[in-house]
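Order of appearance sets the numbers: ligands from 1, and atoms from 1 within every ligand. Position 1 is the first residue of the sequence, and the numbers go up from there.
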Amino acid sequence: MNMPIPATMTAALVEEHGGPEKLLLVQRPVPQPAAGEVLVEIKAMALNHLDLWVRRGVSGHRFPLPIIPGCDGAGIVVSVGDGVDEKVVGDEVVLAPGVSCGRCQGCLRGDDHLCGNYGILGETRDGTCASFVTVPASNLIRKPTGISWEEAAAFPLVALTSWTMLTRKARLKAGETLLVIAAGSGVGSMAVQMGNILGARVLATAGSEKKRSKAKELGAEVTIDHSNEDWGREVKKLTASKGADVVFENVGSATWKNSMRSVARGGRIVTCGATTGGEVSLDLKALFFKNIAIFGSTMGRRGDLHSLTRLQERGLLKAIVADTFPLEKIHEAHARLESRDVFGKVVVVP
Ligand SMILES: [Zn+2]
């Protein structure tokens, strides 16, 4: 059973790097699924900082241009390539953003994000910022029931990233204190909720009163204004001078110094994203005298997304949709994410 498929589709395309004007809205042939792949009609996609990096370019890194950006998406399977069971046609799905070889040691032990050939939709192959996308059939995850397309699309990348950072890297335990830096970011808003599920006391920072009150609604016990230069001192006060057992970093150079100050003896800092820059100074003496561990993290195990979407289905984790734009307004959607005046995810609907 194959569904009627148009010949062409609307897509956002990056042909060369630059500002929002470099995002072209084009008509392209609807792609054909290769062997082992499926064609998915996108009902909603969500922006991540990766979309901005793909558009702007990253010095020293080459993206395969032209490329359709977009790593998160949810939709309906409309056709299958060779070797894929036709029964999946018509399924409502969310897409795992990571693509890997499926054959190497990393893939076979479940660490597909450590695959030597790991890639991400919209970064290494055409992504979800279009009416249709082809993905390997192994990237399909059943869409949670009772969740809107927008919420389903806004969930995978940030949920997977935050979960991997908190559970597989920092190994956050019940009763510990978690400090989430920038609770208004996609990963931050997820980390606040996960900290609660895992039984931690959650402290959260944000740069505006509006974001701090939203962080409280999500389950942060106390919020801290990280635009105040000395906010690390605040964390010490709130933890009886001990500091946080786990510091969840995703801002980078702007917050690093205070993140180091905020971590407890024997504590862990886990970092991703570095949205304000990745160059920081590090005093090794502070690191070893305080027995601090620092973990870098990006993406996570595709298998974990299957359980995380079930947590979303049960209402234990919520994707926070800040704003929704039609695909025709993709430039405004990018500008909204870049403005930083946003709590949660920016969603685009083709
Ligand atoms: Zn592999």
**Study point:** Test ring pair (Phe, Tyr, Trp, His ring centres under 6.0 Å) applied to F63 - qualifying residues, sequence neighbours left out
**Key:** H17, H61
**Study point:** Atoms of type N/O/S from protein, distance to the Zn ion (ligand 1) below 2.8 Å
**Key:** 4
Exercise answer: donor-acceptor pairs, residues 37-50 side-chain atoms, under 3.5 Å, sequence neighbours excluded:
from : atom 1 : to   : atom 2 : distance (Å)
E37  : OE1    : A34  : N      : 3.1
E37  : OE2    : R125 : NH1    : 3.4
E37  : OE2    : R125 : NH2    : 3.1
N48  : OD1    : K345 : NZ     : 2.6
N48  : ND2    : D72  : OD2    : 3.0

Is the backbone N or O of [Y] less than 3.5 Å from a side-chain atom of [X], with the two atoms forming a donor-acceptor pair by type?
X: N139; Y: G98; result: yes
X: D283; Y: K285; result: yes
X: E92; Y: G75; result: no

Point to revise | Apart from V251 itself, residues in the same hydrophobic cluster as defined by side-chain heavy atoms under 4.5 Å | key: L179, I181, L203, V222, I224, W231, V235, L238, V247, W256, M260, V263, I269, V280, L282, L284, L287, I292, I294
